[in-house]
Structure formats: C-alpha cells, structure tokens
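Below is one structure, written out as structure tokens; the observations come after it.
No hydrogens, no waters, no symmetry mates; every other heavy atom, side chains included, goes into these values. Just so it is clear, the structure is predicted and the values come from calculations on it, not from any experiment. Counting from 1, the numbers follow the sequence of the chain as shown.
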Amino acid sequence: MPRSRIRAGTGKAVTRKGAAGRPGRVASPAVRLHGSGRSGSAMLAQGSGGLQESAKSEGWKSAVHRYVKLYNQAEIDRFPAPFGDIVADGDHLYRFGQRLARLREQELLRGILPSRSETSAELLRISESGTLSEVSVLIELRVRRTIEHQGRTYSEERFDRERLWLAADGGEYVISRIEPIVSERRPRFSSSHSSHAGEFADELALAAENKPQSIPYINYDVLPFFKHGRAGIRYRRDLAAAYADRWWNEANPAYENFEVNCTNYISQCLFAGSAPMNYTGKRASGWWYRGFSGGRENWSYSWAVANALQLYLSASHNSSLRATVVDSADQLALGDVIIYDWGGDNRYQHSTIVTAFDAAGMPLVNANTVPSRHRYWDYQDSYAWTENTRYRFFHIADEF
C-alpha cells in the first residue's frame with residue numbers, strides 16, 4: 001500500500017517532492033485506504049459523488065499533520081505543546097508531559113542545547129469507518145535532533161511508532177486516543193517466518209555455561225572477508241560501529257529479520273567487528289547464527305534474545321566472543337554493549353551498541369527494533385524506561 005508522509009521541522013516547512021499544495025500538507029494524493037464497513041480497499045474518492053468523502057479524508061490528515069507539527073515543537077522545547085484543542089486523550093498527555101519533564105531535567109544536567117528538530121511521519125496503516133466518522137492510523141514518527149554540547153554539534157535520530165484514533169467532531173477531527181508502540185518492552189523474539197516462544201525458557205541454561213565450546217562456526221556467505229583464526233583475533237571496534245551506522249534503520253538482507261530485532265542487530269554488529277561465533281548446534285548454548293535450514297531459523301538464543309545475550313556475556317569464556325562487566329557507562333568504549341532491564345526484575349529486554357560519544361565522553365548508542373542512531377545511552381526518552389530500569393554494561397574484549 002502506498003504510504004503518506006508528513007514532515008515538520010524548526011526550519012521552513014517541507015513538502016514531499018512532487019506533491020502539490022501548501023507546505024506541510026499530507027503528501028499522498030493517492031493513498032490506498034482500508035476501513036471497516038467497506039469491501040476491500042478504496043482510493044481517495046474522485047468525481048462529484050466522492051467530494052465529501054475526499055474532504056473528510058483530507059480533514060483527518062490535516063489533524064494528523066497538526067499533531068506531528070506540535071510533536072516536533074515539543075521535541076525541541078521539551079515542554080508540552082498546546083495539544084488541548086486536537087488531542088482528547090488526557091492519560092497520554094500526562095504520560096507525554098512526564099516524559100518531557102524527565103528529559104528536560106536530564107538535558108539541563110548534561111548541559112546540552114537542542115538547536116533543531118525535524119520530525120517526518122509515515123502513515124503505515126490506515127483504517128476508516130464507512131462514514132469516515134472514525135479513523136485509526138499507525139504512524140511512524142522519524143525524529144532527527146541537532147544537539148549543541150560544549151562547543152560540539154551532533155545529531156541523534158530515532159523512529160517511534162504510535163497508534164492514533166481520530167473521531168469527527170463537527171467539521172473537525174480530534175485525536176481521541178494515542179497508544180505508543182513500545183517495542184523495546186516486547187518479549188517476543190520470533191523471526192518473520194517462524195515462532196519459537198515456547199523454547200524461551202531454555203535460555204536459562206546459558207547461566208551455567210562457563211567452559212570452552214567447539215571451534216566457532218563462521219558463516220563466510222554472510223561475511224566473506226572475515227579471516228578466521230583460533231586465537232589472536234582483534235576486535236575491530238571501528239567496523240562494529242560502522243556496521244551499526246549502516247544498518248540502524250533497515251534490515252541487512254543477508255540475515256533473517258526478527259519481529260523484535262534489537263539483539264539480532266547487536267550480534268551482527270559484533271560479528272562485523274570480527275567477534276568469532278561460538279557454534280555449538282544447541283540453541284541454549286554458544287553464540288551463533290546459521291540462517292535457514294530445514295525450513296526453520298537456526299540461531300542461538302544469545303544471538304537474538306537480549307536476556308540470553310546478557311547471560312552469555314556475563315559468563316566466563318576462553319574463546320570466541322567474551323566481555324567484562326563494568327560498573328558505569330563512562331567506562332565503555334566504541335563497540336561495547338548495553339543491555340536494559342526496564343522493570344528491575346532481572347529480565348533484560350533490550351540491547352544497544354556504543355557508536356559515538358557526546359562532548360562529556362558519555363556513550364551514544366544505536367539500536368534497531370526501534371531504529372535509533374546516536375541516542376543518549378540511558379533511554380530516558382523511551383516510554384519503556386521506568387524508575388526501576390537497570391543497565392548491564394559490557395566491555396567487549398579487545399582480542400579473542
């Protein structure tokens with residue numbers, strides 16, 4: 001289905017190339033819409049009989065555009081924008097305001113100044129009632145912020161998803177409900193082709209793993225330039241970070257793309273940095289990936305599950321990928337890994353890799369389930385974050 005794109009920024013308004021109309025207008029004159037009460041899908045109405053429907057469609061799109069514009073302003077001001085006349089979801093406005101207050105305090109302590117923000121939005125899924133009195137939209141908000149910090153300038157990016165419900169109110173539309181899609185919290189780890197959730201408990205066996213395993217399996221088709229040796233392999237932190245910056249917002253087709261892809265992405269980054277796989281053939285041990293075989297995905301839990309990778313890196317190893325647990329984020333280097341326990345219950349659900357540093361030397365990280373590039377390491381800008389959040393900091397060995 002063709003997708004609409006909306007863009008808002010602190011500079012001049014931008015329209016999609018080739019789109020007619022005033023700046024800021026939803027730039028998709030031929031969006032395919034799916035809605036209950038209709039058979040199949042319909043294009044935006046044409047002809048005299050569809051003018052009213054077309055006007056209503058433009059009406060809810062205008063409301064979404066206003067929301068994106070206000071969202072973008074809040075991203076740079078760190079104060080709630082005047083959503084009151086367009087958003088009727090008080091619970092979400094409170095949640096959003098709490099998040100902004102948390103970030104405002106954090107940024108004051110860090111001494112940073114956001115100088116610019118640009119938010120583009122893509123309508124991923126649209127569902128309309130037959131009369132267009134109600135519309136639900138799955139939207140991806142693509143935020144790019146420019147940060148001034150102690151004489152240095154850098155940018156950070158992230159893609160957030162929200163589900164919006166809009167309702168017609170007279171001649172206007174209001175957003176009656178907003179639901180952030182907090183993918184970092186989701187425990188599912190199935191691939192796009194298969195599901196193995198019932199096997200999740202087997203990952204606990206990794207905690208007892210502390211002996212050398214078999215010779216690492218290296219998939220030369222995935223990384224043909226990798227040179228394998230039994231010892232003395234240097235971890236190329238620069239290559240791990242470069243890979244992370246290349247694939248932060250899309251899936252590398254050489255690998256399977258998982259529904260929750262953060263740890264699969266981190267493992268790919270480590271492997272690109274020359275960390276050797278530890279192939280055991282058992283999903284609850286080692287750290288390995290083989291791709292599809294016999295109609296199913298073959299990979300260790302530690303390759304694709306945050307909690308399992310945390311257990312693997314915490315254990316002692318004499319060969320292959322290994323790491324040292326350090327006490328704080330400022331002890332990390334390029335290519336190191338942070339794993340997140342949102343609830344403080346020792347169930348780690350998210351992984352990131354260090355790809356840059358701010359002017360104070362604190363890590364900036366990349367991630368993939370919620371695509372993020374050079375994001376501040378503590379993730380207080382995520383709805384997944386809680387006051388109970390705990391972090392596990394891993395310094396990857398310089399040599400394997």
Mind telling me whether Tyr243 and Tyr255 have parallel, tilted or perpendicular rings, with 30° and 60° as the class edges?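 Plane angle over 60°, so perpendicular.
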Return the orientation label for the Tyr391 and Trp377 ring planes: parallel under 30°, perpendicular over 60°, tilted otherwise. perpendicular
Just checking, is any N or O donor in the side chain of [X] or [Y] under 3.5 Å from an acceptor N or O on the other one?
| X | Y | value |
| --- | --- | --- |
| Arg185 | Tyr383 | no |
| Trp248 | Glu157 | no |
| His92 | Arg95 | yes |

Would you say that [X] contacts [Y] through its side chain, given a criterion of any heavy-atom pair below 4.5 Å between the two side chains?
| X | Y | answer |
| --- | --- | --- |
| Ile181 | Leu138 | yes |
| Glu162 | Leu141 | yes |
| Tyr340 | Thr352 | yes |
| Ile112 | Asp358 | no |
| Leu313 | Gln310 | no |

Counting the benzene-type ring for Trp, do [X] and [Y] have ring centres under 6.0 Å apart?
| X | Y | value |
| --- | --- | --- |
| Trp287 | Trp303 | yes |
| Phe83 | Tyr71 | no |
| Phe400 | His317 | no |

Trp299 six-ring face occupied by Arg283 cation (under 6.0 Å, within 45°): yes
Go through it in stages, so that I can follow the logic: the residues are Thr386 and Asn388, the test is side-chain hydrogen bond (donor to acceptor under 3.5 Å, both in side chains), and I'd like the CA-CA distance, side-chain angles, deciding distance and then a yes or no. CA-CA 5 Å; Thr386 73; Asn388 296 320; 4.6 Å; no
Checking Ser372 against Tyr379 for the side chain to side chain contact (heavy atoms under 4.5 Å, CB included) test, could you report, in this order, the C-alpha distance in whole Å, the side-chain angles of both residues, the deciding distance, and whether it holds? CA-CA 10 Å; Ser372 305; Tyr379 260 67; 3.7 Å; yes
Judged by atom type as modelled, is there a donor-acceptor pair below 3.5 Å linking the side chain of Asp336 to the main-chain atoms of Phe393?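 Such a contact is absent between Asp336 side chain and Phe393 backbone.
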I'd like to know if the side chain of Asn72 reaches the main chain of Thr119, judged simply by a donor and an acceptor atom lying under 3.5 Å from each other, with no hydrogens or angles considered. yes
Rounded at 0.5 Å granularity, tell me how far CG in Leu309 sits from CG in Asn264. 11.0 Å
Scan Pro371, Ser183, Ser120 and name whichever one has a side-chain contact (heavy atoms from CB on, under 4.5 Å) with Phe159. Pro371
Does Asp85 come within less than 4.0 Å of Arg66, counting only side-chain N to carboxylate O? yes
Given Glu75, which partner from the list Arg99, Lys69, Arg116 fulfils the salt bridge (Lys or Arg N to Asp or Glu O under 4.0 Å) test? Arg99
